[in-house]
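Just below is one structure, and these are the notes that go with it.
Values reported hereafter were calculated over all heavy atoms of this structure, with side chains retained and with hydrogens, waters and symmetry mates removed. When a ligand or atom number is given, it counts from 1 through the structure's own listing order.
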Amino acid sequence: MLLQPYSLMAHAFLLFLLFPYIISTNIHACKPTERSSLMSFASTLSSPPLNWTSLDCCHWKGITCDQDGSITHLLLPSKGLKGGIPPSSLRNLTHLTHLNLSHNSLYGSLETQFFLSLNRLEILDLSYNRLSGELPLSLPSSSIQTVDLSSNHFFGAIPSSFFQQASNLTSFNVSNNTFTGYVPSSICLHSSPSLRLLDFSSNLFSGNLALGLGKCSKLQVFRAGHNNLSGLLPEDIYNATKLEEISLPVNSLHGAISDRIANLTNLAILDLYFNHFGGELPPNLGKLSKLKFVILDLNNLEGNLPPSLMNCTNLVELRLGSNNLEGDISILDFSRLSQLTKLDLRNNNFTGTVPVSLYSCKPLKAIALGRNHLKGQIEAEILSLKSLSFLSLGYNRFTNLTGAMKILMSCKSLHALKLTGAFKGGRMPFDDEMVDFDGFQNLQLFSLGHCGLIGQIPVWLSKLKNLEILLLGSNQITGPIPSWLGTLPRLFHIGLSNNQISGEFPKQLCRLPRLIYEPNIASQAEDQYEFELPVFTTINGVNHRFLPKKRSSFPAMIDVSNNNISGYIPAEIGQLQLLQELDLHSNNFSGVIPDQISNLKNLEVLNLFMNHLFGIIPLSLVNLNFLREFNVSYNNLEGPIPTGTQLQSFDASAFEGNLKLFGAPLLNECIPNKDMDADNKNNKDEGNGHHQLPWFYIFAMLGFIVGFWVVCGSLVINNTWRYAYFLFIDNLQDRLITICINTMKRRLRD
Ligand SMILES: *[C@@H]1O[C@H](CO)[C@@H](O)[C@H](O)[C@H]1NC(C)=O
Ligand SMILES: *[C@@H]1O[C@H](CO)[C@@H](O)[C@H](O)[C@H]1NC(C)=O
Ligand SMILES: *[C@@H]1O[C@H](CO)[C@@H](O)[C@H](O)[C@H]1NC(C)=O
Ligand SMILES: *[C@@H]1O[C@H](CO)[C@@H](O)[C@H](O)[C@H]1NC(C)=O
Ligand SMILES: *[C@@H]1O[C@H](CO)[C@@H](O)[C@H](O)[C@H]1NC(C)=O
Ligand SMILES: *[C@@H]1O[C@H](CO)[C@@H](O)[C@H](O)[C@H]1NC(C)=O
Ligand SMILES: *[C@@H]1O[C@H](CO)[C@@H](O)[C@H](O)[C@H]1NC(C)=O
Ligand SMILES: *[C@@H]1O[C@H](CO)[C@@H](O)[C@H](O)[C@H]1NC(C)=O
Ligand SMILES: *[C@@H]1O[C@H](CO)[C@@H](O)[C@H](O)[C@H]1NC(C)=O
Ligand SMILES: *[C@@H]1O[C@H](CO)[C@@H](O)[C@H](O)[C@H]1NC(C)=O
Ligand SMILES: *[C@@H]1O[C@H](CO)[C@@H](O)[C@H](O)[C@H]1NC(C)=O
Ligand SMILES: *[C@@H]1O[C@H](CO)[C@@H](O)[C@H](O)[C@H]1NC(C)=O
């Protein structure tokens with residue numbers, strides 16, 4: 001009896017101790033149906049384990065419940081989830097407001113039922129998965145705010161009913177899929193007036209942008225670049241005054257940019273690069289004081305730069321390259337653009353000199369003024385731009401190259417210097433003038449082609465230990481290719497074509513480290529370095545290539561075509577295993593095509609035409625699997641073109657002009673030997689006894705070749721021996737083939 005109160009108290013105490021637990025389990029204990037939904041979802045994933053084992057699913061990783069124990073959040077971004085997205089298993093999570101499964105490897109398509117049951121969803125992020133199929137007819141709920149389906153494989157048109165219920169939608173991102181049809185730009189008109197962010201970029205949308213954006217009174221970001229849009233900018237886009245970003249690059253839009261753009265006072269980014277926009281720049285563009293990025297390159301804009309632009313004191317990038325703009329830029333006052341880091345005015349019709357006021361824009365990293373009609377000299381004030389890394393002045397009418405080089409070599413951070421065609425005539429700045437040379441320490445790209453400069457390749461270049469790309473083509477350079485070129489540790493792209501370079505191809509060039517060794521991880525990381533602006537380049541004097549900013553988009557190349565280089569192609573060339581393009585055409589090379597060229601497993605271009613090469617086309621060339629351009633025409637090559645190989649896929653013109661060369665793709669299947677008929681006659685005259693001889697002859701000769709190799713192979717080190725050997729083999733082969741053909745012809749006749 002006495003014990004009872006104690007017992008009661010003990011019970012009460014126990015209850016007291018357990019109270020928080022009971023309360024909390026009551027609050028959070030997850031619903032069995034939802035638990036089984038999650039279990040079923042997890043079971044369809046192939047990896048890795050989610051460790052969802054404890055009883056209360058509200059405590060599972062990635063799960064949050066509300067006070068009733070209903071699951072509201074399912075957040076599993078970047079968890080390495082693999083598997084199909086199973087609509088049915090998530091359908092029971094009817095209280096879900098946040099679903100984030102981004103950056104996984106989920107596949108499958110979104111089905112309408114899946115969406116319909118999730119009618120409280122606010123945030124849906126399925127970006128960076130492998131989801132595909134067409135979109136369901138409608139977004140799941142009227143409470144939906146954020147939808148991110150970007151970077152998947154969705155396709156088809158966006159259904160017109162898709163946004164019908166989505167009255168609270170603020171952010172919609174479907175970029176980087178393969179959607180087609182129209183961009184639903186009237187979205188604010190009918191359903192979602194609160195939109196702030198719309199991203200349709202990198203799809204296959206086409207057609208015009210319909211009116212409606214003007215009703216998006218809260219729209220801040222509108223992106224639809226990298227599609228197939230055409231037509232004009234919708235007139236009411238200028239009514240969306242909250243806009244901070246308009247990005248529509250790489251489309252086919254045309255028409256003028258209206259001066260009403262001055263109404264978009266919040267605009268910071270205007271990116272319409274690579275379209276067909278024409279007309280003049282809006283005169284009041286400069287009223288947009290928040291403008292940071294004006295990227296309008298590759299359009300058809302014309303007229304002068306509006307002076308008001310120099311009032312945009314927040315400008316960070318001003319890119320107007322490849323338009324039809326004109327006017328004297330020396331009168332522009334850049335001094336107030338104190339944030340400017342990139343100025344690209346390339347490929348226009350600008351006149352005047354480099355504006356001195358530009359040199360007061362201290363953060364400038366890139367200046368591109370190439371392909372205009374600028375004149376004058378490079379002023380020493382340019383040295384006040386301590387961050388200048390990219391300078392492109394090519395194809396203008398500047399004077400005093402030597403003066404410019406002496407100044408620019410002190411630009412410590414210069415990585416790319418493009419002076420191609422910037423100066424006309426005169427001498428290559430030579431060593432006496434550059435006596436104190438210790439500059440250009442970071443220079444990676446140096447181009448001084450198309451200037452018609454006389455002189456030799458100057459020795460000061462040998463001090464550029466970071467040089468990777470050297471372009472000196474189309475000058476009047478004489479003298480030899482210096483052997484020190486092969487010692488530059490980072491050089492991988494050499495263009496010396498269209499000069500008067502003589503001497504032999506230096507063996508030392510075959511030791512270029514960057515063309516011999518596979519890059520290690522560290523230097524691969526360096527290769528990711530990008531130039532500040534895209535690079536235009538001319539290769540072989542004709543092809544204009546527009547290269548992206550990545551440095552690795554330059555091929556590993558040696559181009560010494562159109563010079564007076566003589567002697568053999570050194571066998572050591574076979575060491576340059578990473579070489580992609582070798583162009584030796586139109587020189588005086590003699591000797592044979594070294595067998596070792598077949599070691600250049602990465603070779604894509606091999607041009608040897610218009611030289612004096614003789615001997616056969618080495619059979620081993622068939623190992624060059626990546627070859628897409630090949631030309632050996634107009635040499636003295638002979639023998640059969642190796643058959644059953646990709647060499648047959650090239651045009652006959654790649655082989656023509658070699659009198660003794662035969663076989664497909666050339667039309668002469670056999671050796672075009674004018675002595676052949678005479679030979680035949682002789683053979684006939686000599687009678688039947690000759691019939692047995694050829695095979696004996698062939699075996700004897702083969703035996704001799706093998707013997708020759710065994711005895712002399714080790715001695716065959718230098719070119720003279722190699723040459724003698726090839727001469728011998730070539731004659732032998734020629735002889736064997738003639739005999740073979742004659743025998744066959746005789747057999748056919750008999
Ligand atoms: C599951 O547990 C294992 C072992 O403790 C752990 O390595 C893994 O990261 C966990 N998975 C998740 C999704 O947390
Ligand atoms: C969803 O709940 C129903 C009962 O409400 C149940 O029959 C069904 O199995 C559940 N689905 C899943 C995938 O758990
Ligand atoms: C989804 O999760 C990722 C990773 O935490 C996050 O960066 C992203 O903003 C989330 N998505 C949404 C719409 O909140
Ligand atoms: C839309 O958002 C507002 C404010 O966030 C909210 O009051 C309203 O309930 C939401 N409407 C729906 C249908 O969810
Ligand atoms: C849309 O998603 C992509 C990733 O797929 C992202 O790069 C982009 O910034 C997003 N757009 C906006 C406007 O946030
Ligand atoms: C585009 O999506 C693919 C996957 O579909 C992804 O690998 C890639 O990184 C995305 N690109 C961008 C720019 O986000
Ligand atoms: C781009 O759009 C035009 C019509 O505007 C169409 O003819 C063309 O086929 C489209 N191109 C692609 C690649 O979709
Ligand atoms: C843009 O706004 C102006 C003034 O508010 C209005 O008169 C005009 O009709 C609007 N334009 C469009 C296309 O909505
Ligand atoms: C836009 O600018 C024009 C003048 O350029 C002005 O007449 C018009 O009222 C402005 N509209 C709005 C909505 O501010
Ligand atoms: C630049 O702005 C000033 C004042 O902010 C103004 O007086 C001047 O007219 C503007 N210049 C141009 C060319 O718009
Ligand atoms: C420069 O102007 C001339 C005529 O004035 C024109 O023929 C030429 O196409 C223009 N060049 C560029 C790049 O706009
Ligand atoms: C060339 O430039 C240098 C350096 O600016 C200068 O000293 C020299 O006077 C200039 N020469 C001529 C002919 O203008």
Worksheet item: For I123, is the nearest heavy atom under 4.0 Å from an atom of ligand 3?
Response: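 Checking ligand 3 against I123, which is what was asked, there is a heavy-atom contact under 4.0 Å.
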
Fill in: Polar proximity ligand 7 side, S206 side, N/O cut 3.5 Å exclusive
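No, there is no polar N/O contact under 3.5 Å.
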
Worksheet item: Do S335 and S360 have side-chain atoms, one donor and one acceptor, less than 3.5 Å apart?
Response: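 No, S360 and S335 have no side-chain donor paired with an acceptor closer than 3.5 Å.
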
Practice prompt. Give a yes or no on whether atom 9 (O) of ligand 7 lies under 4.0 Å from any heavy atom of the protein.
Written response: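 For atom 9 (O) of ligand 7 the answer is no, since every protein heavy atom stays at 4.0 Å or beyond.
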
Item to complete: For S230, take its heavy atoms, then give the atoms of ligand 7 lying under 4.0 Å from any of them.
Response: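 In order of numbering, the contacting atoms are 5 (O).
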
Worksheet item: Do you know which of L243, L211, L219, I261 makes side-chain contact (heavy atoms from CB on, under 4.5 Å) with I237?
Response: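 One option only clears the test, and that one is L243.
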
Worksheet item: Polar-atom distance check: T146 versus ligand 3, any N or O pair below 3.5 Å?
Response: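 No, T146 has no N/O under 3.5 Å of an N/O on ligand 3.
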
Discussion item. Can you tell me which portion of Q377 lies within the under-4.0 Å heavy-atom range of ligand 12? Options are side chain, backbone, both, or neither.
Written reply: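 Just the side chain.
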
Worksheet item: At a non-hydrogen distance cut-off of under 4.0 Å, which region of I407 contacts ligand 12 (side chain, backbone, both, or neither)?
Response: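 Contact part for I407 vs ligand 12: side chain (C-beta onward).
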
Worksheet entry | R130 to Y107, cation-pi by 6.0 Å centre distance and 45° axis angle |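 No, R130 does not lie over the aromatic ring of Y107.
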
Where is the nearest protein heavy atom to [atom]: which residue, which atom, and how far?
| atom | result |
| --- | --- |
| atom 1 (C) of ligand 12 | N400 ND2, 1.3 Å |
| atom 2 (O) of ligand 3 | N100 ND2, 2.3 Å |
| atom 4 (C) of ligand 12 | G403 CA, 3.8 Å |

Fill in: Under 4.0 Å to a heavy atom of D125 - the qualifying atoms of ligand 3, by number
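Within the 4.0 Å cut-off of D125, ligand 3 contributes 1 (C), 8 (C), 10 (C), 11 (N), 12 (C), 13 (C).
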
